[in-house]
Amino acid sequence: MLSDARLVAAKDLRIEMRSKVATNQVLPFALVVLILFAFALNQDPPALAAAAPGLYWVAVLFSALLAVQRSFAIESADAAGEGMRLSGLDPAGIFLGKAAAVAVQLAVLEVLLAAGMAVLYGARLQDPAMLVASAGAATVGLASAGVLYAALAAELSVRETLLPLLLLPVLAPVLMSAARAWQDSMSGRPGLGVPWAELLVVFAVVYVSLGVVVAGPVMEVT
Amino acid sequence: MNPIVSRRASLVTGAVGLTALVGIAATVWLGLWVTPPAVGMGNLVRLLYIHPPVAWVCYLAFGVATAASLAYLWPRTRSRSWDRLAGASAELGVVFAALTLVTGSIWGYPTWGTWWTWDARLTTTALLAVLYVGYLAIRKVPGSPHVVARRSAVVAVLAFVDVPVNYLSVYWWKTLHQTGTVLDPSKQLKVHGIMAWTLLLGFVSFTLAYAWILVQRYRVAALEDHRDSDGLTSAIAERIAEGAGSPTRGTPSAAPAPTVSTSPAAASLGGNGAGSLARGVSSELDGASSVVAK
């Protein structure tokens, strides 16, 4: 399962490196969202700095939605997805590999967006250990739940509209917990964010485990 | 009486429905006129006999939907009956989640001074409702019956993760919403006397009402499935008859598919094999009743 996951993750990352969709489209989209938030809040520096953690994680959430959709869009050409499933790869391995590839892309995006947030919103990124730990757990949760639902929606004609309806409520606890953990860290009270970081870890573990268990039925060839 | 449901199954579900109706009427009577106002909360306590039972049925409905979805996903028990049961129960769960939010909001305004607050229990309940609205949406996406059932079952199982979070949210976070209504954390009763009995009656009555509507909804789903499959069978038979050279068929105005089985009862009673179809549906419905009874 893990070797299959490595193969799939390497394949997906190689495709992204070559196609540059993540860097040319998803990352600029996330930056546009950050800028739009500033317009919506009347470019008011204190309001933006106060709301920065929440706005940052909403931008990450929207980008994650694009990333997981993209993760299965690359399998639709030339029936690549069916070929992958028929090649004997373990469905759980495919799930883990795709989730890992999305998590790597999201991690890069989060670093760049955090720099953007610091510059545009004047947010102070204090206590990096807590920020990195909570962001790491949140990224695993976003990627695993996202890939699971994207796999379900991949074969549907209405996937673009249905996936956000299915996925965003599921990811709402991650958004809330990550925003709170970052808010506590950025306001110089990292200790308060520990329970939120723990919740993020629980969420990540639950969805990675569920994904491994239900990957078979989700990717069943019909 | 519906002609394709067995008489015994009809009587049993009718009795359940009647008991639920009488029970809810008695709950209303006891709750509004017989039970005393509470110390501190006054007459507002009367919502106690409605709100927790409705919330319990919401959890129960999502629990049944998840259990039925797991039964569908398990290869040994895979059957369309489980899928129908899951769909019917999830629909009811969404209705009862909405009722939970509405009755909670009515209770919240005089006690907390606001119709809505971003409290952990309220937020997770709203999320729960939205999650299962997504589930109902994915059920409506066209596809072969087993593909639809499989992907719906997975979504139902994933959505259920929010149910324990919802229940435990009042213990995990400091919230406006009170902790357990009936039992405190050490499992001691917090409600006594006639108030406790009225609350118990509320729980039983709303559970029976859920069971009754669930069976009715399951029957409708079974009828819809049989209408679709019967329609296809009839359409194929007509096309075969066309191929056999019947000159009156095959004109555009006599296209077979749209004319077939718009009425499930008519479909089951009209053609050959109506008896066997009726028996098949009856046995499935009996199966559903026994599932609900368990």
Side-chain angles (χ1 to χ4, degrees), chain A residues 54 72 91-92 95 141 144-177 179-180 192 194-196 198-200 202-222, chain B residues 66 69-78 82-83 90 94 97 118-120 122-166 168-169 171-174:
Chain A
F72 280 88
F95 159 74
S144 53
V147 163
L148 208 49
Y149 278 86
L152 268 172
E155 62 198 43
L156 309 180
S157 56
V158 289
R159 58 184 169 272
E160 290 85 2
T161 44
L162 191 62
L163 184 61
L165 173 65
L166 292 175
L167 187 55
L168 292 180
V170 172
L171 295 182
V174 179
L175 171 74
M176 184 178 72
S177 311
R180 286 294 298 270
L192 292 178
V194 171
W196 297 106
E198 287 171 354
L199 191 64
L200 287 169
V202 170
F203 188 89
V205 169
V206 165
Y207 272 97
V208 169
S209 316
L210 271 176
V212 168
V213 173
V214 300
V218 167
M219 297 182 196
E220 209 169 85
V221 179
T222 49
Chain B
T66 306
S69 298
L70 283 172
Y72 182 83
L73 288 176
W74 190 255
R76 287 184 187 178
T77 51
R78 184 166 289 191
W82 292 118
D83 174 56
V94 170
W118 292 103
D119 172 273
L122 275 69
T123 314
T124 48
T125 307
L127 264 182
L128 196 57
V130 176
L131 280 169
Y132 280 92
V133 166
Y135 167 80
L136 295 180
I138 204 169
R139 286 189 69 85
K140 298 289 178 200
V141 177
S144 77
H146 278 287
V147 170
V148 172
R150 177 170 52 78
R151 62 188 175 215
S152 309
V154 172
V155 172
V157 172
L158 295 178
F160 193 71
V161 172
D162 194 42
V163 172
V165 175
N166 178 292
L168 295 169
S169 60
Y171 299 103
W172 288 353
W173 294 287
K174 289 196 183 309

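Only heavy atoms go into these numbers, but all of them, side chains included; no hydrogens, no water, no symmetry mates. It should be emphasised that the depicted structure is a prediction, and the values quoted were computed from it without experimental measurement.
Contact of A/Val170 with chain B is made through backbone and side chain together, with heavy-atom distances under 4.5 Å. Contact of B/Ile138 with chain A is made through backbone and side chain together, with heavy-atom distances under 4.5 Å.
At distances below 3.5 Å, at least one donor-acceptor pair connects side-chain atoms of B/Arg150 with backbone N or O atoms of A/Val218.
For the atom pair A/Leu148 CG and B/Leu158 CG, the distance stands at 5.0 Å (nearest 0.5 Å).
Comparing B/Ala153, B/Gly134, B/Ala126 by heavy-atom pairs within less than 4.5 Å of chain A, the highest count is held by B/Gly134. When A/Val206, A/Leu162, A/Leu167, A/Leu168 are compared by the number of non-hydrogen pairs under 4.5 Å with chain B, A/Leu162 comes out ahead.
Here the side chains of A/Pro173 and B/Leu127 are in contact, with some heavy-atom distance below 4.5 Å.
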**Asked** How far apart are the C-alpha atoms of B/Val161 and A/Phe203, what are their side-chain angles, what is the distance that settles it, and do they pass the side chain to side chain contact (heavy atoms under 4.5 Å, CB included) test?
**Response** CA-CA 10 Å; B/Val161 172; A/Phe203 188 89; 6.0 Å; no

